[in-house]
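See below for the structure under consideration.
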Amino acid sequence: MAKWPPQTNDVHDNPISLQLHFPVCHGLFEAYLQATTFMSLEVQLLYFQKWDEVCLQEVSNHRLKYLRLVDLAVFRIIAYDLDFPIALLPNHMQPATHKDHIGFFMVKQFEFSCSSNRIAPVPFMRLNGAIMIMVKYHVHIVIPGLPPTPDIDPKAVFCNNELSLRDIEVYGFDYDYTLAIYGQSLLFLVYRLATHVLIDKYKYPNEISKLTYDPSFAVRGLHYDVHKGLLMKLDAFHKVQMGTVYHGHCRVPDNEVNRLYEGLHIPIDDLNNFYGYGAHFQQLVDIFSLPEIALLSDVAQHFMQHDIEFDADYLFTDVKTAVEFVHTSGLMHQEVLKDMNKYVEKDDGLKQMLRRLKDAGKSIFLVTNSGYAYVSKGMQYLLGDNWREMFDIIITKADKPKFFKETSRPFRYYDVQNRARTWNFVTKLEKGNIYSEGNIDHFKRMTGWVGSKVLYFGDHVYSDLADPAIRHGWRTGAIIPELEHEIKVINSTPYKSNLVWLQALQTLIANMQDFQEDDPEAQRVVHAWKAERYQLRNSLKEMFNPRFGSIFRTHTNPTYFSRRLARFADIYTSSVTNLMHYTTKHTYYPQRAALPHELDPGAAFYNVDATLTETLSSLSVQTPSGLAAFS
């Protein structure tokens, strides 16, 4: 290994300095440096953040130096006393056809600036492809680092569709996993109780009582093939993500997945309907589905290991019914009420958030499928005995999504003293009363809360958000507690490094594919790049979940879950208390993502040759014919 960094004692007068600024911090920056026989090249690291590794190695007979750095943001090239200091090859030129370049840099964007007083900075420049730098003279390359870019705030509110809180007059909330956030202990409880239901009610083998819930097994948003008994993740285009298909605990080989589904595409007729249910596939979309997924897979694995024959349809139906029974029978609620501190995560910010909305003159309502007795105990724990004063309207046992789509089911009063629903005819909704059932049409007529002045929060993208957004014009907010884990991964240096290099590899492969047919060496290199790309994609996936990856993304595309979230939720965040980070007049703006045929927003494309020619001309340096030769 050569001594690093190399030392230099060269001193030159009147240096010309060109800086390339890379806005990729915490990322991998790959530089391929080829030293030729007629030049001297020095690379010096003067300053860095979070040093990762530097590797110099010989490749073939080209004496290619391979440099890997982390958190580099500026790459400076200084050329001294040159008639023609630097020439940039056009973006479409590739190393396979031009062997005399000495630098090949994969970058997302860069800009030129000059340290000399004789020239003003050159305008901002952005390129999507490869930049090759050819220098035939002595060059001194300095690589300083810049402070890392800020991490994504895991408690931020993220926007799919522009939303101004200034326009919101009414705030509505679900209860479970919206106002009340539960810890992992609740999922263990649901799993255990559903297991006993399978044994006691459906006469499943007593041995399954030894099964335990694995919180790392799955992520929500997965699809289950009811007939084949396969669990999988689909992207927004209904394609199966390879490596995410499981039968029990066993991953189904990719070639077998191709055979079973005659490819990777799942026809829309086989997929779920508007509410996540279909004839062949069902999407497991809320957090309560996580113990259901785990129990389903664990029991299937137990049956396979013990040679117990089973029908995948019946197993799915039994497990689903058992989990539903845990909720509807009150089994789960009874256990939670016995030890609220164990299951419910108390957040002091909840009361502050609701109080701030009231102080701002906003109306607040609650619509939940849970019963009043259970909700009231939870709210007393979270907000205090006077919790009902926070809400203008309280509706329990709403039976969503029926509440949002039926038009004739009337409201009923709930008698708190007698703990029973009454038969009185409800003609108006008033603060202080408790209601159950009902429907949104009656709700809108009795309250006058209609359209885009209402913002409703829930955790279930179908039951809570789909109908209010699509049918009734409410603004909607999704509560996704898993966001904090996902963003923690995204903020990590290994993730950023691998992602930047993955994007660079994909660009290299795309740009090289038309130049490799007649070049065996190029074919070997591209083949190696593809193998590394495959490894990087799986590595990134496993950082979120070892089997299924992120709930929001497959390797490249958004997941099916992410697509529905974007359609039904104007904003999303990990907790309703994150609203405290914003004023009640804040406007959330979505990021303008560029379509494939568009320029990236905020960037401009400039002609490389023209820009460099203008720079050299301002320095009274004659532009050589080399630029034209490489265009």
*Please test R220 against I287 for side-chain contact (heavy atoms from CB on, under 4.5 Å), starting from the C-alpha separation and ending with a verdict.*
CA-CA 6 Å; R220 65 164 157 163; I287 298 179; 3.8 Å; yes
If you measure only the distance, is there a donor-acceptor pair under 3.5 Å linking the side chains of [X] and [Y]?
| X | Y | result |
| --- | --- | --- |
| S376 | Q380 | yes |
| Y462 | D286 | no |
| H581 | K155 | no |

For the residue pair [X] and [Y], establish whether any side-chain heavy-atom pair is separated by less than 4.5 Å.
| X | Y | answer |
| --- | --- | --- |
| L198 | K201 | no |
| R471 | F404 | no |
| Q241 | N557 | no |
| H555 | D235 | no |
| L366 | V375 | yes |
| M353 | L350 | yes |
| Y182 | L189 | no |
| W387 | K351 | no |

Angle between ring planes, [X] versus [Y], binned at 30° and 60°: parallel, tilted or perpendicular?
| X | Y | result |
| --- | --- | --- |
| Y374 | H333 | parallel |
| F173 | Y171 | parallel |
| Y224 | F316 | parallel |
| F411 | F443 | tilted |

*State yes or no: are the ring centers of Y343 and Y381 separated by less than 6.0 Å?*
no
*Decide if the gap between the ring center of F288 and the ring center of Y177 is smaller than 6.0 angstrom.*
yes
Separation of [Y] [atom2] from [X] [atom1] (nearest 0.5 Å):
| X | Y | atom1 | atom2 | value |
| --- | --- | --- | --- | --- |
| F158 | T573 | CZ | OG1 | 6.5 Å |
| I168 | S452 | CD1 | OG | 6.5 Å |
| R355 | K358 | CZ | NZ | 8.0 Å |
| M580 | L357 | CE | CG | 9.0 Å |
| T476 | D570 | OG1 | CG | 4.0 Å |
| R412 | E437 | CZ | CD | 5.5 Å |

For a quick test of reading the model, state the closest non-hydrogen atom pair linking [X] to [Y] and the distance between them.
| X | Y | answer |
| --- | --- | --- |
| S574 | N578 | OG-ND2, 3.0 Å |
| A566 | N160 | CA-ND2, 3.5 Å |
| G458 | L465 | N-CD2, 3.9 Å |
| T559 | S550 | CG2-O, 4.0 Å |
| M390 | L354 | SD-CB, 4.0 Å |
| I571 | C159 | CG2-CA, 4.2 Å |

*asked:* Could you walk me through whether F365 and W474 satisfy the ring-ring contact (aromatic ring centres under 6.0 Å, His included) test, starting with their C-alpha distance in whole Å, then the side-chain angles of each, then the deciding distance to 0.1 Å, before giving a yes or no?
replied: CA-CA 14 Å; F365 68 91; W474 285 7; 5.7 Å; yes
*Going through the checks in order, is the salt bridge (charged side-chain N to carboxylate O under 4.0 Å, His left out) test met by D298 and K210?*
CA-CA 11 Å; D298 291 349; K210 300 176 183 178; over 6 Å; no
*Is the backbone N or O of L536 less than 3.5 Å from a side-chain atom of N498, with the two atoms forming a donor-acceptor pair by type?*
no
*Judged by atom type as modelled, is there a donor-acceptor pair below 3.5 Å linking the side chain of Y582 to the main-chain atoms of L165?*
no
*Using the side-chain contact (heavy atoms from CB on, under 4.5 Å) rule, take D174 and I479 through it: C-alpha gap first, then chi angles, then the decisive distance, then the call.*
CA-CA 10 Å; D174 182 28; I479 303 303; over 6 Å; no
_Lys/Arg cation over aromatic Y414: K397, 6.0 Å, 45° cone_ = no
_R475 bridged to D167 by N-O distance under 4.0 Å_ = no
*Decide ring-ring contact (aromatic ring centres under 6.0 Å, His included) for F544 and F552; before the verdict, give the C-alpha distance in whole Å, the side-chain angles of both, and the deciding distance to 0.1 Å.*
CA-CA 10 Å; F544 295 98; F552 297 100; 8.8 Å; no
*Can you check side-chain contact (heavy atoms from CB on, under 4.5 Å) on R537 and T556, steps first, answer last?*
CA-CA 9 Å; R537 281 155 58 104; T556 303; 3.8 Å; yes
